[in-house]
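Side-chain atoms are counted along with the backbone in the values below, which use heavy atoms only and exclude waters and symmetry mates. Because the structure is a prediction, the values reported are computed rather than measured.
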Amino acid sequence: MRNIEHFIGGRSVAGTSGRHGDVFDPNAGRVQARVALADAAELDRAVASAVDGQRAWAQVNPQRRARVLFEFKRLLERDMDTLARLLSSEHGKVLSDARGDLQRGLEVIEFSCGIPHLLKGEYTQGAGPGIDVFSARQPLGVVAGITPFNFPAMIPMWMFGPAIASGNAFILKPSERDPSVPVRLAELMLEAGLPEGVLNVVHGDKDVVEAILAHPLIKAVSFVGSSDIAQQVYARGAAHGKRMQCMGGAKNHGIVLPDADIDHVISDLMGAAYGSAGERCMALPVVVPVGEETAERLRARLVEAIAGLRVGTSFDADAHYGPVVTAAHKARIEGYIQAGVDEGAELVVDGRGFTMPGHEQGFFLKPCLFDRVTPDMRTYREEIFGPVLQIVRADSFEQALELPSRHQYGNGVTIFTRNGDAAREFAERVEVGMVGINVPIPVPVAYHGFGGWKRSGFGDLNQYGMDGVRFYTRTKIVTQRWPRGGASAHDFTMPTMQ
């Protein structure tokens with residue numbers, strides 16, 4: 001039985017709270033490790049280490065900070081396969097998805113390597129008589145990130161990449177369900193030359209989250225999780241005077257117009273709806289065909305394609321997806337499937353009751369497909385977070401546009417069409433933060449920002465991109481005057497008054 005410890009001050013630290021959590025092997029359905037769960041005292045130790053490390057780190061010039069990230073990139077690429085296997089062993093996603101998890105995080109690290117350019121301020125010469133004005137971006141100090149189980153590599157790097165590049169120290173509280181990769185990332189940052197204490201990993205549950213939100217020396221918190229929790233975390237952190245950025249749940253829609261390339265739609269839906277067992281906030285769990293003829297064609301093709309999907313273990317190279325993360329999460333998904341049946345939706349493909357030979361205790365679910373789902377159903381209103389695709393039929397373009405626009409979540413949406421005018425109008429009018437046009441999972445590239453609208457995002461700034469730099473820095477504006485000759489203080493007039 002492995003024991004997974006905290007990473008504080010550049011070294012592994014055994015937990016002292018006496019509390020531990022179980023880390024499962026989702027393929028076998030058994031506990032494979034125990035992770036220490038921190039209390040407030042252990043968080044205090046991590047913050048003290050971060051405060052000490054940040055003072056010196058903030059004085060390192062941006063070029064040298066960037067060099068550490070460049071070396072981290074090299075080390076992560078060196079260890080990519082080992083990290084992917086470790087990630088898959090705890091999360092359950094197949095190796096190709098695990099590598100994608102690492103790669104999408106690494107892309108934000110690559111963006112953060114440009115920090116010398118990204119931190120540049122503005123300068124105005126001669127704003128008044130002998131007066132110059134300039135601005136500078138400065139780090140906040142100690143900041144924290146609270147990350148979910150579904151992307152144990154990508155989302156931590158989305159957060160600590162721009163934060164550390166900008167001169168902050170970072171406290172990472174990863175999910176206790178798959179905590180090994182976040183610790184390994186911190187070890188690689190240390191190997192890359194990051195000073196001790198600048199990146200700390202503290203494991204825990206809601207107790208340590210509460211301690212992070214209340215800690216007076218933590219200046220900002222980034223959070224990713226369910227919307228109800230994100231809203232609570234945002235409110236509690238803001239009440240303590242912290243800068244907050246909280247990303248919540250999603251119910252992303254794929255609108256299929258009659259002129260769409262149905263072959264591409266089906267191919268895209270198989271990956272977007274069922275990839276990573278649907279455990280992605282940018283999964284595509286709702287498809288909206290416009291018109292009955294489109295709906296009937298789509299349904300028939302979906303049933304055919306689903307029959308060709310292979311569910312396997314995390315290390316099955318031929319599997320399209322693996323198990324879900326825990327038995328409790330599997331039971332939750334199955335509860336939603338039964339609720340859909342009870343609400344009157346048509347369960348076209350039922351993936352429940354599947355047992356993987358040789359892995360009978362694993363947390364496996366085959367793909368599910370619902371049709372005749374309506375907006376009043378709970379299974380449509382809420383996030384299922386599993387391999388379940390729902391067909392919601394629309395009579396017209398306007399009705400299809402209205403569905404994602406009126407939904408409580410506003411993370412992502414996609415329209416499939418060959419009609420450029422319809423696509424442009426849809427993208428302009430839809431009330432959703434990230435839009436794809438014939439792109440099933442519209443996660444922006446690293447130099448743009450990631451963020452949803454409505455109950456998918458709480459806070460004013462998106463993750464990564466320039467918004468990430470803005471979130472982890474504050475702007476200082478200096479107005480300076482150097483008197484010439486015998487000029488006296490009485491000669492000064494505020495330049496805006498002239």
Between [X] (side chain only) and [Y] (backbone N and O only), is there a donor and an acceptor less than 3.5 Å apart?
X: Y464; Y: P444; value: yes
X: Q54; Y: G167; value: yes
X: K173; Y: A144; value: no
X: N200; Y: G197; value: yes
X: S175; Y: P148; value: no
X: D79; Y: T82; value: no

Can you tell me if [atom1] on [X] sees more than 12 non-hydrogen neighbours from other groups inside 6.0 Å?
X: R236; atom1: CZ; result: no
X: R78; atom1: CZ; result: yes
X: H240; atom1: NE2; result: yes
X: E122; atom1: CD; result: no
X: R406; atom1: CZ; result: no

Going by heavy atoms in the side chains, are [X] and [Y] under 4.5 Å from each other?
X: R65; Y: I164; answer: no
X: F426; Y: V413; answer: yes
X: P442; Y: T414; answer: yes
X: Y447; Y: L118; answer: no
X: V143; Y: F471; answer: no
X: I384; Y: K251; answer: yes
X: V286; Y: V392; answer: yes
X: R429; Y: E398; answer: yes

Residues 152-160 side chain polar contacts: donor-acceptor under 3.5 Å, at least two apart:
none

Taking all non-hydrogen atoms of both residues into account, name the closest pair between [X] and [Y] and its distance.
X: A260; Y: F416; result: CB-O, 3.4 Å
X: V68; Y: A192; result: O-CB, 3.5 Å
X: H6; Y: L37; result: CE1-C, 4.3 Å
X: G141; Y: N168; result: N-OD1, 2.9 Å
X: V181; Y: L83; result: CG2-O, 3.9 Å
X: V469; Y: S166; result: CG1-OG, 4.2 Å

Criterion side-chain contact (heavy atoms from CB on, under 4.5 Å) on M244 and F458, from CA distance to verdict: CA-CA 8 Å; M244 299 297 298; F458 302 88; over 6 Å; no
Under 3.5 Å, sequence neighbours excluded: what are the donor-acceptor pairs made by side chains of residues 223-232?
unit_1	atom_1	unit_2	atom_2	d
S227	OG	G249	N	2.7
S227	OG	R455	O	2.5
D228	OD1	R455	NH2	2.8
Q231	OE1	R455	NH2	3.2

Candidate pair Y380 and H407, rule ring pair (Phe, Tyr, Trp, His ring centres under 6.0 Å), full reasoning: CA-CA 9 Å; Y380 169 78; H407 203 280; 4.9 Å; yes
side-chain contact (heavy atoms from CB on, under 4.5 Å) evaluation trace for N411 with M282: CA-CA 7 Å; N411 216 36; M282 287 300 286; 3.3 Å; yes
Calculate, to the nearest 0.5 Å, the distance between atoms [atom1] and [atom2] belonging to [X] and [Y] respectively.
X: D101; Y: H91; atom1: CG; atom2: NE2; result: 7.5 Å
X: H20; Y: I4; atom1: NE2; atom2: CD1; result: 10.5 Å
X: L401; Y: I255; atom1: CG; atom2: CD1; result: 8.0 Å
X: L76; Y: Q103; atom1: CG; atom2: CD; result: 8.5 Å
X: S180; Y: L87; atom1: OG; atom2: CG; result: 9.5 Å
X: L284; Y: H253; atom1: CG; atom2: NE2; result: 9.5 Å

Among F363, F24, F149, the one residue meeting ring pair (Phe, Tyr, Trp, His ring centres under 6.0 Å) with H329: F149
Residue pair F385, N150: steps toward the side-chain contact (heavy atoms from CB on, under 4.5 Å) verdict: CA-CA 10 Å; F385 221 61; N150 58 320; 3.5 Å; yes
Output yes when [X] and [Y] qualify as a salt bridge under the 4.0 Å nitrogen-oxygen rule, no when they do not.
X: E71; Y: R67; value: no
X: E110; Y: K73; value: yes
X: E42; Y: R19; value: no
X: D376; Y: R381; value: no
X: D467; Y: R470; value: yes

Derivation of the side chain to side chain donor-acceptor pair (under 3.5 Å) call for Y409 and E383: CA-CA 9 Å; Y409 299 124; E383 185 177 36; 5.1 Å; no
Residue of the set F170, W57, F72 for which side chain to side chain contact (heavy atoms under 4.5 Å, CB included) holds with L194: W57
Side chain to side chain donor-acceptor pair (under 3.5 Å) between D44 and H215, intermediate numbers included: CA-CA 8 Å; D44 284 342; H215 202 291; 3.0 Å; yes
Aromatic ring pairing Y123/F134, orientation class (parallel under 30°, perpendicular over 60°, tilted between): parallel
From CA spacing to verdict: side-chain contact (heavy atoms from CB on, under 4.5 Å), M434, V443: CA-CA 7 Å; M434 292 175 283; V443 177; 5.8 Å; no
Salt bridge (charged side-chain N to carboxylate O under 4.0 Å, His left out) assessment of E107 paired with R104: CA-CA 5 Å; E107 289 166 8; R104 287 309 297 261; 3.0 Å; yes
